[in-house]
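Quantities reported herein were computed from a predicted structural model and do not represent experimental measurements. Within every chain, numbering begins at 1; the chains are lettered A, B, ... in the order of the sequence lines, protein sequences first and strands thereafter.
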Amino acid sequence: MPELPEVETTVAGLRAVLEDAPLTLVEPRRADMRFPFPADLRQRLTGATVTGLGRRAKYGLIETDRGDTMIFHLGMSGRWRIDPSEIGKHDHLIVETPRHRLALHDPRRFGFVHLVESAAIDAYPAFAALGPEPLGDGLTAEYLAQALKGRVAPIKAMLLDQRIVAGLGNIYVCEALNIAGISPTREAGKVSKPGLRKLVDAIRSVLRAAILAGGSTLRDYARPDGELGYFAKDWRVYGREGEPCPCGGTVRRRIDSGRSTFYCPSCQK
DNA sequence: CTAGTGCCCTGCCGGC
DNA sequence: TGCCGGCAGGGCACTA
């Protein structure tokens, strides 16, 4: 499922075909995904030239020379297809340049597209309260100690909260907690400073490794270069209930708020 | 303010 | 072979 590394990989793939390219067609093929497509999406983007691409948390950004930024979110099953051989029922937005046709493909339609003025992007509601980027300078043990001080919610829930850290999802949180040796149910405010240092290191290393691998996935994610069958499944705990943890213990699964948590009771305390 | 739950949506997979 | 239920989960609405 697209988390930060998958979005990063997607943006890199899009950059290769969109940067400096004029948009000759921008056409929604239905009224909405999770949210309605902006009514003026086609009009504001068609004829504009892409000046840059970026990422914030799990959001992809496509900037144009008209001062607009298209914000896309891949939800859980979204991906961009580049030069698909055909357009199918889950291709909800078509974008064309003189050289390529792209399709935003999302069977579950948890993804969405918004359009904002680039100058006002910080006022985009979902960005206003976002926490620091985990790979940036803002995520430190000191920051986390302050942000989690007095919080009694489980550390796993806090790491999934985009206001604490931006861009983490279920997979990388499970992995990072395992690497750091911290139980997902530990009260967030009670994780020690050394524990937080380990956690920060674990978050960074697991994200960097995934980006290097080209974006990790579950079963239905493809790289945006149109190549299918791209799977990474070298998780330590995620999706491995009953299998051995690297420490020799056995990976367990628990459900919190209807969401699976994979962890090793032997080495995560 | 915080913590916790339920919903959206579709495809896939296991069980019978 | 086909049907059914469970599951995947990010973000947001909602409750207490």
Side-chain angles (χ1 to χ4, degrees), chain A residues 1-8 10 28-37 55-61 71-79 81 88-93 103-114 116 124-131 133-134 146-177 184-191 207 210 215-222 228-229 231-233 235 237-242 251-263:
Chain A
M1 305 309 155
E3 296 185 26
L4 185 155
E6 288 75 21
V7 180
E8 185 75 22
T10 294
R29 302 192 71 251
R30 55 174 293 133
D32 56 51
M33 295 213 296
R34 178 171 181 183
F35 305 119
F37 283 104
R55 176 192 62 73
R56 179 76 172 102
K58 302 171 192 171
Y59 298 79
L61 311 173
I71 298 172
F72 66 85
H73 196 292
L74 296 173
M76 81 172 273
S77 61
R79 65 182 199 246
R81 305 171 72 200
K89 69 170 179 173
H90 298 307
D91 294 313
H92 307 308
L93 178 70
L104 180 53
H105 179 94
D106 187 1
R108 269 161 270 192
R109 300 207 306 276
F110 273 33
F112 54 86
V113 169
H114 279 146
V116 302
Y124 180 62
F127 290 179
L130 228 38
E133 286 286 330
Q146 185 60 34
L148 300 179
K149 189 177 177 183
R151 302 298 294 266
V152 298
I155 183 69
K156 189 209 176 195
M158 289 290 93
L159 293 178
L160 286 173
D161 187 334
Q162 305 296 294
R163 294 168 298 186
I164 304 291
V165 187
L168 298 181
N170 203 34
I171 297 173
Y172 296 102
V173 165
C174 288
E175 293 294 297
L177 286 170
T185 59
R186 180 97 72 86
E187 207 173 292
K190 291 193 173 168
V191 179
L207 292 178
S216 306
T217 73
L218 277 185
R219 62 176 71 85
D220 58 356
Y221 187 78
L228 296 173
F231 301 110
K233 46 181 184 286
W235 307 120
V237 291
Y238 191 83
R240 301 183 83 102
E241 182 182 16
V251 175
R252 300 293 179 204
R253 180 168 81 119
R254 51 174 288 133
I255 307 288
D256 301 292
S257 309
R259 197 139 301 166
S260 285
T261 300
F262 296 91
Y263 68 106

Q: Specify whether A/Tyr124 and A/Phe127 have parallel, tilted or perpendicular ring planes, treating 30° as the upper limit for parallel and 60° as the lower limit for perpendicular.
A: perpendicular

Q: With sequence neighbours left out, what residues match A/Asp91 under side-chain hydrogen bond (donor to acceptor under 3.5 Å, both in side chains)?
A: A/Arg81, A/His105

Q: How long is the line joining CG of A/Leu130 and P of C/dG11, in whole Å?
A: 9 Å

Q: Please list, by residue number, the residues of residues 156-170 of chain A whose heavy atoms come closer than 4.0 Å to an atom of DNA chain C; answer none if no residue qualifies.
A: A/Gln162, A/Gly169, A/Asn170

Q: Could you check how far CZ of A/Phe127 sits from C1' of C/dG10, rounded to whole Å?
A: 14 Å

Q: Return the set of residues passing side-chain contact (heavy atoms from CB on, under 4.5 Å) with A/Ala188 (not counting sequence neighbours), or none when no residue passes.
A: A/Leu148, A/Arg151, A/Ile155, A/Met158

Q: Of the options B/dG4, B/dC9, C/dC12, whose atoms approach the side-chain atoms of A/Arg108 most closely?
A: B/dC9

Q: Is any side-chain nitrogen or oxygen of A/Ser77 closer than 4.0 Å to OP1 or OP2 of C/dA8?
A: no

Q: If you look at every strand shown and take non-hydrogen atoms under 4.0 Å, does A/Pro154 touch a base, only sugar-phosphate, or nothing?
A: sugar-phosphate

Q: For A/His92, give me all partners under side-chain contact (heavy atoms from CB on, under 4.5 Å), at least two apart in sequence or on another chain.
A: A/Arg30, A/Met33, A/Phe37, A/His90, A/Asp106, A/Arg109

Q: Looking at CZ of A/Arg29 and CG of A/Leu104, how far apart are the two atoms once the value is rounded to the nearest 0.5 Å?
A: 12.0 Å

Q: Between A/Lys89 and B/dC9, is there a side-chain N or O to OP1/OP2 distance below 4.0 Å?
A: no

Q: Could you pull out all residues at least two apart from A/Tyr59 that satisfy side-chain hydrogen bond (donor to acceptor under 3.5 Å, both in side chains)?
A: none

Q: Expressed in angstrom and rounded to an integer, what is the separation of A/His73 atom NE2 from B/dC8 atom P?
A: 19 Å

Q: Among C/dA8, B/dA3, C/dC12, which nucleotide sits nearest the side chain of A/Val152?
A: B/dA3

Q: Would you kindly give the NE2-to-C1' distance between A/His92 and B/dC9, to the nearest whole Å?
A: 10 Å

Q: What is the distance from CE of A/Met76 to P of B/dT10, rounded to the nearest Å?
A: 13 Å

Q: Does a side-chain N or O of A/Arg151 approach OP1 or OP2 of B/dG4 to a distance below 4.0 Å, or not?
A: no

Q: Would you say A/His90 places a side-chain N or O within less than 4.0 Å of OP1 or OP2 belonging to B/dC9?
A: no

Q: Over its full length, what angle do the end axes of the helix from B/dT2-C/dA16 to B/dC16-C/dG2 make, each axis taken from five pairs and the result rounded to 10 degrees?
A: 50°

Q: Sequence neighbours excluded, which residues qualify as side-chain hydrogen bond (donor to acceptor under 3.5 Å, both in side chains) partners of A/Arg55?
A: A/Glu8, A/Glu133

Q: Can you tell me the distance, in whole Å, between the NE2 atom of A/His114 and the P atom of C/dC12?
A: 9 Å

Q: Look only at the side chain of A/Glu187 and the backbone of A/Pro154, and say whether a donor-acceptor pair between them is shorter than 3.5 Å.
A: no

Q: Contact class for A/Arg109 vs. all strands (heavy atom < 4.0 Å): base, sugar-phosphate, or nothing?
A: sugar-phosphate

Q: Which whole-number value in Å describes the distance from A/Ile255 CD1 to B/dG6 C1'?
A: 15 Å

Q: Considering residues at least two apart in sequence or located in another chain, which fulfil the side-chain contact (heavy atoms from CB on, under 4.5 Å) criterion with A/Pro184?
A: A/Lys156, A/Leu177, A/Thr261, A/Tyr263, A/Gln268

Q: Rounded to the Å, how far apart are A/Arg253 CZ and C/dC7 P?
A: 6 Å

Q: Do A/Arg259 and C/dG10 have a side chain to base donor-acceptor pair shorter than 3.5 Å?
A: yes

Q: Does a distance-only test, which skips hydrogens and angles, find a donor-acceptor pair under 3.5 Å between the side chain of A/Arg34 and the base of C/dG11?
A: yes

Q: For A/Arg253, which residues count as a side-chain contact (heavy atoms from CB on, under 4.5 Å) partner, sequence neighbours excluded?
A: A/Glu241, A/Ile255, A/Ser260, A/Phe262

Q: Counting side-chain heavy atoms from C-beta on, which of C/dG10, B/dG11, C/dA8 comes nearest to A/Pro107?
A: B/dG11

